[in-house]
Amino acid sequence: MTSARGGDAPAAGARAVPAGRSSTRTLQRLLRQPAFVVGAVITCVFVVLAVAAPLLAPHDPGAPLLLDQVRAQANPVPGPQDGFPLGADPAGRDLLSRLLVGARQTLIVGVLATLGGLLGGAALGLLAGVFAGKTDTLVMRVVDVMLAIPSLLMAFSIAALFARPNEWTLIVAIAIVQIPVFARLMRGSMLVQRGTDHVLAARALGVRPSAVVFRHMVPNAMGPVIVQGTLSLAVSILDAAALSFLGLGNPDDASPEWGQMLGGAQQYFNSYPHLAIYPALCIIVVALGFTLAGESLRETLDPRTRR
Amino acid sequence: MYRFILRRTVQAGATFLALTAILFVWLRSLPGGPLDALLGENASPQDRAKLVESLGLDEPIWTQYVRYLGRFWNGDLGVSTGVWRGAPVTEVLLTRAPATVELALCALVIGTVLGVSVGYWAATRRGVFDFAFLSLSVLGLAVPVFFTAFVLKYVFAVRAGWLPPSGRADLQGVIPTPTGLTLFDSLLAGDGAALLESVRYLTLPTVALSIIPFAVIFRLTRASVAETLQQDFVRTATAKGLRNRTIAGRHVLRNSLLPVITVIGLQAGGLFAGAVLTETVFNYRGLGQSMALAFTTRDYAVLQALIMAVAVLYLFVNIVVDITNALCDPRVRMQ
């Protein structure tokens with residue numbers, strides 16, 4: 001159930017509160033913030049829509065049902081009509097169904113790309129934070145070099161490496177770009193953990209080093225990383241849209257993703273702006289949801305970090 | 001201080017070397033390899049064999065890498081295989097750079113000036129105004145840049161017809177163009193009509209591109225100023241009876257702007273990625289649009305040069321930022 005991940009993030013973040021604060025109190029504090037409530041509601045609705053998309057979609061998103069209208073009329077984009085509340089796209093496919101199924105694809109791309117970046121970055125940060133010294137210097141130099149290329153630009157360059165782009169090139173490109181952020185966060189978190197009393201106590205008690213790292217340090221260090229994950233979901237979805245716009249996304253549009261719909265709608269923008277506006281609004285609302293939820297989480301859990 | 005500058009420069013040099021290595025590997029791992037990248041997919045076997053020999057592709061990889069660095073050093077970045085087939089990449093880079101520099105600078109200046117001033121205002125006055133701008137800035141970060149650009153173009157150029165929908169002011173032959181920066185050249189020539197023309201073409205792309213730097217800088221300034229206002233030294237300054245303007249300038253802003261300067265440096269990189277999208281929408285003939293075209297035509301020689309140019313620029317901006325920070329805050333120097 002990877003698709004439920006977006007909804008899980010708040011709870012997971014709340015659990016990682018340091019110093020044994022009761023998680024219910026944190027949750028109460030979160031629920032008092034309108035920004036968090038709005039963000040969480042948007043996130044939940046999005047996840048439900050994405051999961052239930054095949055049930056909710058009135059038509060097959062890849063079926064050119066209104067193709068005869070597209071062909072017959074001088075008007076190449078069929079408007080709203082019976083059974084097609086938002087009309088169809090230039091290939092005669094139901095727009096509403098495409099948006100709904102698009103929610104699922106967008107969630108998959110966003111979650112997998114973020115998860116890839118999170119795991120990759122956390123692993124690097126873990127190495128740097130645990131072994132310190134030379135390993136730390138080496139890992140952080142690599143991260144610095146990655147940061148020397150602006151992230152979106154690096155995503156473009158990675159995506160351009162593939163002769164035939166598809167959904168996975170998009171995910172891989174965005175995931176790699178997210179690695180440095182998570183690596184830095186995880187390293188910082190691990191370094192803080194190294195100096196804490198409970199880690200010292202565990203070591204003094206003779207707990208195995210691997211257990212100290214994975215049972216005492218990592219669970220406590222993951223909090224900020226998971227919060228950043230919520231924020232990165234928004235970034236992933238926006239980056240995916242940018243890549244699709246430049247033609248570096250998935251060219252197969254039978255089961256569309258919002259960024260791809262938006263990218264494909266650009267050429268009709270001056271005559272049929274609604275084709276671009278619907279997917280764009282979806283992207284904006286969802287990115288807003290993740291950002292609001294993520295930022296309230298970060299502020300509540302750690303008042304010191306700000307950007 | 002000099003040691004600090006030296007250390008940062010050496011660090012940047014090392015990063016640059018690592019980057020060239022990465023780009024070297026990148027060029028090797030392209031679909032079809034460097035031959036396709038340089039000759040295009042439909043080159044004849046004879047041409048290929050000739051290129052293998054002339055490029056020394058049969059030599060050990062280390063020799064190749066050193067030679068590759070040497071070519072960089074001499075400013076030889078290869079030949080375009082896509083849109084500008086046959087044109088030296090250096091030429092493409094140089095003719096198009098001024099357009100992007102102008103656009104990015106305008107966007108950065110507008111984003112920074114507005115972001116810092118509105119951010120300061122919001123932090124000191126709170127209330128409805130603060131809330132409105134905070135909401136707007138969160139929204140600004142959630143909208144894809146190219147979509148903003150399309151909406152601006154649709155509303156102000158296509159529908160209202162107030163501003164040109166695409167392109168860049170062409171002043172060649174109208175006034176002397178020593179720098180290639182349209183605003184600067186018109187000012188230099190003292191030509192009002194040319195200046196107006198330049199502004200008309202620059203307005204929409206600049207607005208689209210400045211939204212993200214504005215949102216980021218606004219939010220950071222706001223948070224930073226709000227925190228500084230809580231500090232004891234600000235209360236002391238007020239208690240001493242200093243004028244508000246003195247407190248704002250000397251105590252609050254000076255201490256709040258350190259993180260803001262750092263973020264301005266980081267935004268410089270994002271601006272270029274934004275320029276790729278914005279320039280494409282407005283068909284604005286700069287480096288960003290070249291890059292988008294190079295992606296669609298898989299023109300790797302151009303791509304490589306552009307990525308390198310941006311990375312160098314980005315490294316340079318960040319050294320400047322670090323030095324500025326060190327000048328403002330003695331603590332940074334000691335780290």
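Worth knowing before you read on, the calculation uses all heavy atoms, side chains too, and leaves out hydrogens, waters and symmetry mates. Worth saying up front: this structure is predicted, and the values here are computed from it rather than measured.
- With a threshold of 4.5 angstrom between heavy atoms, B:Gln304 does not approach chain A through any atom at all.
- Considering only heavy-atom pairs separated by less than 4.5 Å from chain B, the leading option among A:Leu288, A:Thr291, A:Leu152 is A:Leu288.
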Side-chain donor/acceptor pairs under 3.5 Å, residues 270-277 of chain B, sequence neighbours excluded:
none

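- Both the backbone and the side chain of A:Leu153 come within contact range of chain B, each with at least one heavy atom under 4.5 Å from a heavy atom of that chain.
- With a 4.5 angstrom heavy-atom cutoff, B:Met291 touches chain A only via side-chain atoms.
- Contact annotation for B:Val138: both backbone and side-chain heavy atoms come within less than 4.5 Å of a heavy atom of chain A.
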Q: Check step by step if side chain to side chain contact (heavy atoms under 4.5 Å, CB included) holds for B:Phe146 and A:Leu262.
A: CA-CA 10 Å; B:Phe146 61 91; A:Leu262 179 53; 3.6 Å; yes
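- Using a 4.5 Å cut-off between heavy atoms, A:Leu147 touches chain B through its backbone atoms (N, CA, C, O) alone.
- If you tally non-hydrogen atom pairs under 4.5 Å between each of A:Leu248, A:Leu281, A:Asp144 and chain B, the highest count goes to A:Leu248.
- Counting heavy atoms of neighbouring residues, nucleotides and ligands inside a 6.0 Å radius, atom OH of B:Tyr154 exceeds 12 of them.
- Residue A:Ser157 is tested with B:Ile307, B:Leu303, B:Leu306 for a side chain to side chain contact (heavy atoms under 4.5 Å, CB included); the sole match is B:Ile307.
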Q | CA sep, side-chain torsions, deciding dist, call: A:Phe269, B:Val151, side chain to side chain contact (heavy atoms under 4.5 Å, CB included) | A | CA-CA 9 Å; A:Phe269 199 94; B:Val151 172; 4.2 Å; yes
Q: Dump the intermediate steps for side chain to side chain contact (heavy atoms under 4.5 Å, CB included) on A:Ile283 and B:Phe147, then the final yes or no.
A: CA-CA 11 Å; A:Ile283 290 176; B:Phe147 182 70; over 6 Å; no
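- When heavy atoms are compared at a cutoff of 4.5 Å, A:Gln266 approaches chain B by way of both its backbone and its side chain.
- Residue contact with chain A, scored on non-hydrogen atoms closer than 4.5 Å, involves the backbone and the side chain of B:Val143 alike.
- Contacts of A:Leu246 with chain B are made by both backbone and side-chain atoms, with heavy-atom separations under 4.5 Å.
- No part of A:Ala234 comes within reach of chain B, as not one of its non-hydrogen atoms sits under 4.5 angstrom from that chain.
- With a 4.5 angstrom heavy-atom cutoff, A:Ala35 does not touch chain B via any of its atoms.
- With a 4.5 angstrom heavy-atom cutoff, B:Tyr314 touches chain A only via side-chain atoms.
- Neither the backbone nor the side chain of B:Val145 comes within contact range of chain A, judged by heavy atoms closer than 4.5 Å.
- The structure places CD of A:Glu295 at 8.0 Å from CG of B:Leu141, a figure rounded to the nearest 0.5 Å.
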